[in-house]
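Structure first, commentary second.
Order of appearance sets the numbers: ligands from 1, and atoms from 1 within every ligand.
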Amino acid sequence: MLFFGGDYNPEQWPEEVWAEDVALMRQAGVTIVSLGVFAWSHLEPEEGRFDFGWLDRIMDQLHAGGIKVALATPTASPPPWFTLAHPEGLPVTADGVRLTHGSRDTYCVSAPAYRAAARGIAGELAARYARHPALALWHVHNEYGTDCRCDLTATAFRGWLQKRHGDLDTLNDVWTTAFWSQRYSDWAQITPPRATQYLPNPAQVLDFRRFLSDELLGAYVEQRDLLRAANPDIPVTTNFVQGGWVSVDHARWASEMDLVAVDHYPAAADRNAEAETAFGGDLARGWAGGGEWLLMETGPNLIYTPGRMHAKEPGRLTRHSLNYLARGSRGAMYFQWRQPHGGAELFHSALVPHAGPDSPVFREAVGLGRTLKALDGQVTAPAQAQVAIAWDAPSWWALQGGGLPAADIDYLGAVQQAHRALWTSGVATDFVFPGRDGFAAGLSAYKIIVLPHLYLVSDEVAAALRDFVASGGHLVAGHLSGIADPAGRIRLGGYPGAFRDFLGVRVVEWRPLPIGTTIALDNGDQGVRWSERVETAGAETLVRYAGDVLAGAPAITRHRHGAGTAWYVSPGLDDDALRRLLDRVATEAGVPPVLPGLPPHVEAVRRGDLVFLFNHGEAPGTVPLPAPATNAITRRPLSESVTVPPGGTMAVELESRSDAGCPAG
Ligand code: GAL
């Protein structure tokens with residue numbers, strides 16, 4: 001069954017509305033809803049007093065309507081009674097302010113009272129609903145990520161540090177506490193990073209984020225185990241959220257999920273929304289180990305951009321939804337089913353908006369439901385790409401602090417830019433995760449590995465990348481990759497210390513560009529944001545700096561190492577220049593686009609024998625087909641080409657195993 005539905009909050013509505021909800025869900029072809037995500041105060045109105053009557057009724061009504069349930073544990077939003085009874089369960093900010101209830105996500109994950117209450121409500125739900133016929137999935141919590149710096153957190157942090165570093169001498173060494181007289185002589189002296197006079201110790205900040213990721217994961221696992229014990233046949237997940245503020249290393253969490261579920265909200269109204277959709281889908285598939293995952297939330301009819309909500313144009317909801325599907329999602333789910341008439345998110349996007357079902361978004365949802373129904377059973381394994389980008393949450397965290405050489409260093413931006421370059425060229429892209437078990441072995445599946453800002457690198461990861469090149473791969477390292485060890489200590493002797501040998505370069509000076517300036521390159525491109533003094537040590541210089549004191553010095557290099565090639569890209573590049581460079585690498589590595597000959601703005605994504613075509617442009621796009629094909633939705637045979645209308649989507653089934661022009665599926 002393909003999942004189609006979203007967050008459903010019947011507790012926000014009188015019961016008369018529920019019958020209409022179920023009828024409309026059936027009309028739209030909804031197959032599953034996430035129920036009870038923030039319903040704790042309705043389920044447990046007072047400590048230990050439960051009210052499951054309403055949930056029983058709606059579960060039964062949904063079941064009668066043939067709609068499955070992803071039942072949530074509501075632990076992201078403890079009720080007011082909890083916070084009054086257990087004030088130590090409220091989070092404390094780095095400034096020492098204890099927050100109070102009134103919003104959501106107001107809990108301290110290290111507070112025993114919070115953990116006990118969370119286990120309590122999860123256990124009650126497990127006992128009551130684990131065998132309910134509507135239950136298809138457990139949705140634990142919501143978007144883990146809440147940060148707390150209280151004393152209970154401090155105790156837990158110290159315990160985590162003891163496990164990680166063993167003794168204080170090691171911690172002092174790894175944290176470079178000799179700097180600014182921070183040497184610790186007792187574990188009790190160590191706190192979470194809190195408001196302090198000037199820059200905090202970056203190693204302390206980094207370890208705190210790793211700790212918080214593990215601490216939150218512990219809370220998830222506790223609930224998951226309870227739910228699993230009640231019925232081992234029901235898969236358990238939580239919805240990953242991505243953001244610079246989120247101290248969750250999803251690559252490490254993924255192995256604890258029965259199905260990786262992801263919330264994804266592109267944050268641009270222009271074509272970048274499509275690039276971001278592709279990025280989010282590919283990253284989620286990477287977290288899922290290349291297999292199926294689930295889009296748990298996205299905005300149906302709105303894109304949230306800074307300071308403005310942007311209504312999606314007709315067809316865009318469908319295009320985005322099927323794009324996630326094409327990239328490996330088991331379907332498409334949204335926040336949310338019915339737009340609330342009050343509450344903090346009353347203007348957030350919904351399948352049934354304030355206007356009701358007589359609205360463009362609901363009509364498009366009905367059409368999408370039909371399309372998904374037609375595709376059900378036809379989507380098989382997600383396609384494997386031949387190019388992978390490395391994603392590393394700790395590197396992101398390490399590049400967020402103050403004290404860096406440039407305030408505009410943007411880890412996420414660098415990774416997205418690399419992905420966008422490949423996306424623009426129609427090259428399928430995976431993600432690989434240096435911290436994850438099996439990283440080294442997994443590299444052999446790829447012809448090209450791209451490293452944007454892979455700042456922290458262990459010796460093992462450096463060795464795996466070196467072997468990848470030696471055995472014939474193409475590796476493209478950008479600046480700020482291979483710089484530090486996992487604790488954030490610089491690898492000395494010239495940047496990038498971890499990769500110098502196989503890149504055949506030595507960077508002796510960073511020269512971040514003054515804001516608003518660029519630096520000329522001798523191929524006619526401009527370097528942006530960043531430049532460096534690079535010395536070659538075996539590498540061939542492909543492009544040189546042509547301006548500033550760097551004139552004539554290497555900017556982009558290529559080095560044969562064993563049977564492979566390692567490229568080094570020292571300057572920042574704009575999108576177009578980066579795309580051209582990666583096109584060149586793809587050509588040299590023999591990596592074709594998903595479909596050759598695509599018109600501009602038409603995107604092709606392959607999943608098994610299905611090729612999804614997305615026309616993001618304003619003119620029809622005619623796509624030559626590499627093999628006999630069928631329209632996967634209408635089941636009509638297609639001729640040698642198909643025309644995708646502007647803003648439209650098509651799913652084409654290529655005759656089985658006709659792989660001409662397509663990377664291996
Ligand atoms: C998600 C969150 C939802 C809702 C939504 C709004 O990140 O899980 O509860 O807040 O954003 O778009």
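Less than 4.0 angstrom separates some heavy atom of D263 from each of these atoms of ligand 1: 8 (O). Listed by atom number, the atoms of ligand 1 under 4.0 Å from Y304 heavy atoms are 12 (O). Each of the following atoms of ligand 1 lies closer than 4.0 Å to a heavy atom of E143: 1 (C), 2 (C), 7 (O), 8 (O). Per-residue contacts place F38 under 4.0 angstrom from the following atoms of ligand 1 (heavy atoms of the residue considered): 9 (O). Atom numbering of ligand 1 starts at 1 in the shown order; those under 4.0 Å from a heavy atom of H348 are 6 (C), 12 (O).
Of the heavy atoms in E297, only side-chain atoms (C-beta onward) come closer than 4.0 Å to ligand 1. Only the side chain of N142 comes within 4.0 Å of ligand 1, judged by heavy-atom distances. Looking at R104 against ligand 1, only its side chain comes within 4.0 Å, counting heavy atoms.
By the 4.5 Å heavy-atom criterion applied to side chains, F52 and H42 are not counted as neighbours.
One finds no salt bridge joining E364 and R370 here, because no Lys/Arg side-chain nitrogen approaches an Asp/Glu carboxylate oxygen to under 4.0 Å. Taking a cutoff of 4.0 Å between a charged side-chain nitrogen and a carboxylate oxygen, R210 and D249 do not qualify as a salt bridge.
Remark: minimum distance from atom 4 (C) of ligand 1 to any protein heavy atom is reached at E345 OE1, 3.2 Å.
With F3 as the aromatic partner, R330 meets the cation-pi criteria of under 6.0 angstrom to the ring centre and within 45 degrees of the ring axis.
Aromatic ring centres of Y220 and H141 lie farther apart than the 6.0 Å criterion allows. Taking the six-membered ring where the residue is Trp, the centroids of Y8 and W13 are separated by 6.0 Å or more.
W397 places no side-chain N or O within donor-acceptor distance of the main-chain N or O of R209, the cut-off being under 3.5 Å.
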